[in-house]
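Everything quoted here is computed from the prediction, not taken from an experiment.
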Amino acid sequence: MKLLRVGPVGQERPVVMDDAGNLRDIGEPEIDGAFLASGGVARVREALERGDLPVVESEGLRIGAPIARPGKIVCIGLNFSDHAAESGAAVPAEPVVFMKAANTMVGPYDEVLVPRGSVKTDWEVELAIVIGQEARYLGSREEALGVVAGYAISNDVSEREFQLERGGQWDKGKSCETFNPMGPWLVTADEVGDPQNLAMRLWVNGELRQDGDTKNMIFDVAEVVRYLSQFMVLEPGDVINTGTPAGVAMGMPGQPYLRAGDVVELEIEGLGRQRQTVGQA
């Protein structure tokens with residue numbers, strides 16, 4: 001099942017896409033942690049099967065991020081060996097964890113802004129996990145997969161100078177406004193099936209830059225969720241960005257970073273496609 005939010009910024013309404021591609025009003029106030037924790041996915045599925053949900057006229061509607069502002073966005077760095085290599089970093093023995101400000105999240109077709117003073121704004125196609133149940137100290141991979149509500153595409157936009165050359169932790173290069181386009185859909189875990197068998201690609205101005213697969217993650221989805229639960233309480237609606245394959249600008253000497261007017265397109269198998277035009281903050 002594909003859940004999404006449509007409408008102007010700040011006025012999004014939650015809908016579900018039926019098998020024919022029609023959008024249907026789900027009759028819920030929001031797609032957020034409360035919705036996920038209270039069995040909202042099951043309610044919508046049952047209502048959809050009964051034919052109870054009215055069609056929403058979708059022409060011209062903006063698509064927002066598929067989940068309302070999360071409590072936190074947790075990110076895993078250097079989680080593909082080829083990306084670690086292009087970054088000049090050793091393959092990590094444990095997941096590299098950093099946080100991204102929750103207000104970076106925007107829709108999959110919204111403008112991405114190059115920050116003021118930035119010269120190294122970069123792209124990263126990533127599989128995003130959305131947590132559906134509160135989780136702490138998970139003891140097994142099976143438990144970890146059991147708290148996953150679904151998956152979506154994230155573009156973990158990054159400013160490399162801010163991230164790596166300005167002292168401190170990575171967060172300052174990850175938390176600029178518009179730096180986490182997400183969507184177009186939240187695809188429920190049952191529909192995705194095996195999250196470790198999804199092709200992922202990204203283009204800049206029509207040129208293929210990243211061409212990877214989630215099977216090449218160093219730490220897979222189950223291990224990432226299990227591991228994080230040892231250090232923090234994961235709550236319904238939280239988002240986890242799971243890392244990016246090789247092909248970012250930082251890893252290609254001479255490759256230009258993003259500038260106003262560039263167009264970034266990205267897709268993950270079964271999760272849809274994004275397209276952002278780059279602007280200037």
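- Between Leu36 and Pro236, the shortest heavy-atom distance links the atoms CB-CB, 4.5 Å.
- Here the straight-line distance linking atom CG of Asp238 with atom CD of Glu134 works out to 9.5 Å at 0.5 Å rounding.
- You'll find the side chain of Val97 stays beyond 4.5 Å of the side chain of Phe231, heavy atoms only.
- Side chain of Thr244 to backbone of Val125: a donor-acceptor contact under 3.5 angstrom is found.
- The two residues Ile26 and Phe35 make their nearest non-hydrogen contact at CD1-CE1, 4.1 Å.
- Taking a cutoff of 4.0 Å between a charged side-chain nitrogen and a carboxylate oxygen, Glu124 and Lys174 qualify as a salt bridge.
- Looking only at side-chain heavy atoms (C-beta outward), Glu12 and Glu30 stay at 4.5 Å or farther from each other.
- Under a cut-off of 6.0 angstrom, the local environment of CZ in Arg43 is crowded, with over 12 non-hydrogen atoms contributed by other residues, nucleotides or ligands.
- When side chains are defined from C-beta on, Leu164 does not count as touching Lys120, because their heavy atoms never get closer than 4.5 Å.
- For Glu165, the CD atom counts as densely surrounded, since its 6.0 Å shell holds more than 12 non-hydrogen atoms of other residues, nucleotides or ligands.
- Under a hydrophobic-cluster definition in which Ile, Leu, Val, Met, Phe, Trp and Tyr are linked whenever side-chain heavy atoms come within less than 4.5 Å, directly or via other members, Val147 and Ile129 are assigned to the same cluster.
- Under a 3.5 Å cut-off, the side chain of Gln276 and the backbone N or O of Pro108 do form a donor-acceptor pair.
- For the pair Asp220 and Arg141, the salt-bridge criterion is met [side-chain N within less than 4.0 Å of a carboxylate O].
- A salt bridge does not link Glu159 with Lys172: none of the charged nitrogens is closer than 4.0 Å to a carboxylate oxygen.
- In this structure, the side chains of Ile240 and Val221 stay at 4.5 Å or more apart for every pair of heavy atoms.
- The main-chain N or O of Asn241 is never found under 3.5 Å from a side-chain atom of Ser154 such that the two would form a donor-acceptor pair.
- Side-chain contact between Ser158 and Trp170: absent, with no pair of heavy atoms (C-beta onward) separated by less than 4.5 Å.
- Looking at every heavy atom in both residues, Ile153 comes nearest to Gly272 through CD1-O, 3.1 Å.
- The 12-atom threshold is exceeded at CG of Asp194, counting heavy atoms of other residues, nucleotides or ligands nearer than 6.0 Å.
- Between Arg226 and Glu143 no salt bridge is recorded (no basic side-chain N to carboxylate O distance below 4.0 Å).
- Judged by distance alone, with hydrogens and angles left aside, the side-chain atoms of Gln210 form no donor-acceptor pair with the main-chain N or O of Val248 at under 3.5 Å.
- Between Tyr227 and Glu94, some side-chain heavy-atom pair lies under the 4.5 Å cut-off.
- In this structure a side-chain-to-backbone donor-acceptor pair under 3.5 Å is present from Glu269 to Ala199.
- Nearest approach of Ala128 to Val239, heavy atoms of both residues: CB-CG1, 4.1 Å.
- In this structure a side-chain-to-backbone donor-acceptor pair under 3.5 Å is missing from Arg24 to Pro54.
- Between the CG atom in Asn205 and the CD atom in Glu265 there is a gap of 9.0 Å [rounded to 0.5 Å].
- To the nearest 0.5 Å, the span separating CG on Asn79 from CE on Met217 amounts to 6.0 Å.
- Between Leu186 and Pro66, the shortest heavy-atom distance links the atoms N-CB, 3.4 Å.
- Judged by distance alone, with hydrogens and angles left aside, the side-chain atoms of Trp203 form no donor-acceptor pair with the main-chain N or O of Val263 at under 3.5 Å.
- For the pair Glu161 and Ser118, the minimum side-chain heavy-atom distance is 4.5 Å or more.
- Put simply, OG1 on Thr104 and CZ on Arg69 are 9.0 Å apart, with the number rounded to the nearest 0.5 Å.
- Surrounding CZ of Arg259 are at most 12 heavy atoms belonging to other residues, nucleotides or ligands under 6.0 Å away.
- Once rounded to the nearest 0.5 Å, the distance linking CG of Leu127 with CG of Asp156 reads 12.5 Å.
- Counting heavy atoms from C-beta on, the side chains of Asp82 and Asn216 never come closer than 4.5 Å.
- Minimum heavy-atom separation, Gly71 to Ala102: O-CB, 4.4 Å.
- At distances below 3.5 Å, at least one donor-acceptor pair connects side-chain atoms of Thr214 with backbone N or O atoms of Leu198.
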